[in-house]
Number of protein chains: 2
Amino acid sequence: MRKENSTNAINERILNGLCQTAHTLSVIGGRWKPTILWRLLEGKMRYHELKKSISGISERVLVLQLRELENDQLITRIVYPEVPPRVEYELTPLGRSLESLLEHMCSWGEMHRDATRQAGELAVSKN
Amino acid sequence: MRKENSTNAINERILNGLCQTAHTLSVIGGRWKPTILWRLLEGKMRYHELKKSISGISERVLVLQLRELENDQLITRIVYPEVPPRVEYELTPLGRSLESLLEHMCSWGEMHRDATRQAGELAVSKN
DNA sequence: CCGGACGCTAACCCAGAGGTTAGCGCTTTC
DNA sequence: GAAAGCGCTAACCTCTGGGTTAGCGTCCGG
């Protein structure tokens with residue numbers, strides 16, 4: 001038995017229980033999750049459309065993130081029993097309820113980037 | 001030389017550049033950062049106070065997260081040149097501008113937890 | 001003169017997120 | 001009959017965030 005495993009994981013669970021902010025992070029905190037959610041906010045999409053519209057993501061990771069989002073009940077996976085297989089992903093109401101939060105994060109990010117870039121440029125041009 | 005390192009890191013940089021939401025996540029996404037920010041929203045705190053008020057965090061990680069927050073210009077580190085050393089951490093205006101976002105995340109997290117817990121309980125009690 | 005408060009830093013370790021490559025089973029198109 | 005579209009899965013590797021342990025330099029209280 002190896003050391004009553006990982007304070008790391010334990011800490012994470014405790015925090016997610018105590019702090020709803022941490023919980024939210026654990027839900028949308030995957031590298032590609034915001035991107036996926038943005039895409040789906042525009043309407044349901046097929047697996048391959050998602051794949052092509054998100055440049056840089058690998059299939060494995062895309063599937064993993066989709067599964068996690070599904071588990072967290074943010075998206076639904078709809079399989080059409082058709083000849084060439086067809087699978088669509090769609091936001092649940094819970095998923096759509098993220099829209100305003102995502103927008104909030106996005107605009108804060110923009111503001112923060114501008115604010116810090118300015119500071120950087122000032123430091124450079126201060127000659 | 002080892003393989004033009006890490007698509008991982010590259011992807012992260014690209015995403016943070018393109019997607020402000022991802023950028024925001026990179027700023028507040030540390031395990032303990034939300035907790036630290038919540039504490040500091042109530043007023044400036046000394047290093048040891050923070051340490052004691054956040055149970056489970058290790059000194060190393062606390063320092064790391066504080067340094068990152070400082071780099072991102074969310075907090076200021078104030079050193080008083082005193083006999084027993086004294087250091088205080090305080091939110092910058094930029095840091096305080098996170099308050100509404102944190103609240104938003106917090107309430108969404110609560111809502112999401114309730115929604116999913118219900119579903120879980122239903123599944124259990126459905127006998 | 002011993003220990004503790006204070007605010008750290010250094011050295012090390014490990015689990016897990018994310019990436020790479022290959023392949024599957026079915027179908028349509030050339 | 002070869003190749004490509006579709007939606008995946010399996011096996012493997014790498015890097016990094018977070019955790020553990022130890023210690024430092026200055027001071028004060030007992």
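Heavy atoms only: backbone and side chains are in, while hydrogens, waters and symmetry mates are out. So you know, we letter chains A, B, ... as the sequences are listed, proteins then strands, and number each from 1.
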Item to check | Contacts of type salt bridge (charged side-chain N to carboxylate O under 4.0 Å, His left out), residue A:Arg39, not counting sequence neighbours | outcome: none

Item to check | Value in whole Å for how far the C1' atom of C:dA5 lies from CD of B:Glu82 | outcome: 14 Å

Next on the checklist: Going by the rule salt bridge (charged side-chain N to carboxylate O under 4.0 Å, His left out), which residues pair with B:Glu70 if we only count those two or more places apart in sequence or in a different chain?
Outcome noted: none

Next on the checklist: So A:Glu12, base contact, sugar-phosphate only, or nothing? Heavy-atom distance under 4.0 Å.
Outcome noted: nothing

Checklist entry - Considering residues at least two apart in sequence or located in another chain, which fulfil the salt bridge (charged side-chain N to carboxylate O under 4.0 Å, His left out) criterion with A:Arg86? => result A:Glu82, A:Glu88

Next on the checklist: Tell me which residues in residues 29-57 of chain B lie within less than 4.0 Å of DNA chain C, going by non-hydrogen atoms.
Outcome noted: B:Arg46, B:Tyr47, B:His48

Next on the checklist: Using a heavy-atom cut-off of 4.0 Å across all strands, would you classify A:Tyr89 as base, sugar-phosphate, or nothing?
Outcome noted: sugar-phosphate

Checklist entry - Mapping A:Glu59 and B:Ser58 to their closest nucleotides on DNA chain D, which lands nearer the 5' end? => result A:Glu59

Item to check | Interatomic distance, A:Leu25 CG vs C:dA17 C1' [rounded to whole Å] | outcome: 15 Å

Checklist entry - What residues form a side-chain hydrogen bond (donor to acceptor under 3.5 Å, both in side chains) with B:Thr21, not counting sequence neighbours? => result A:Trp38

Item to check | Listed once per pair and sorted, the side chain to side chain donor-acceptor pair (under 3.5 Å) pairs that draw on residues 42-52 of chain B, sequence neighbours left out | outcome: B:Tyr47-B:Glu59

Checklist entry - Which nucleotide in the set D:dT20, C:dG7, D:dA11 lies at the smallest distance from any side-chain heavy atom of B:Arg86? => result C:dG7

Checklist outcome for this item: dist A:Cys106:SG -> A:Leu101:CG (nearest 0.5 Å) comes out at 11.5 Å

Next on the checklist: For B:Arg67, give me all partners under salt bridge (charged side-chain N to carboxylate O under 4.0 Å, His left out), at least two apart in sequence or on another chain.
Outcome noted: none

Checklist entry - Please give, in whole Å, the distance from D:dG7 P to A:Tyr80 OH? => result 12 Å

Next on the checklist: With the threshold set at under 4.0 Å for non-hydrogen atoms, list the residues of residues 61-71 of chain B touching DNA chain C in residue-number order.
Outcome noted: B:Val63, B:Arg67

Item to check | ring-ring contact (aromatic ring centres under 6.0 Å, His included) pairs, two or more places apart, involving residues 84-104 of chain A | outcome: A:His104-B:His104

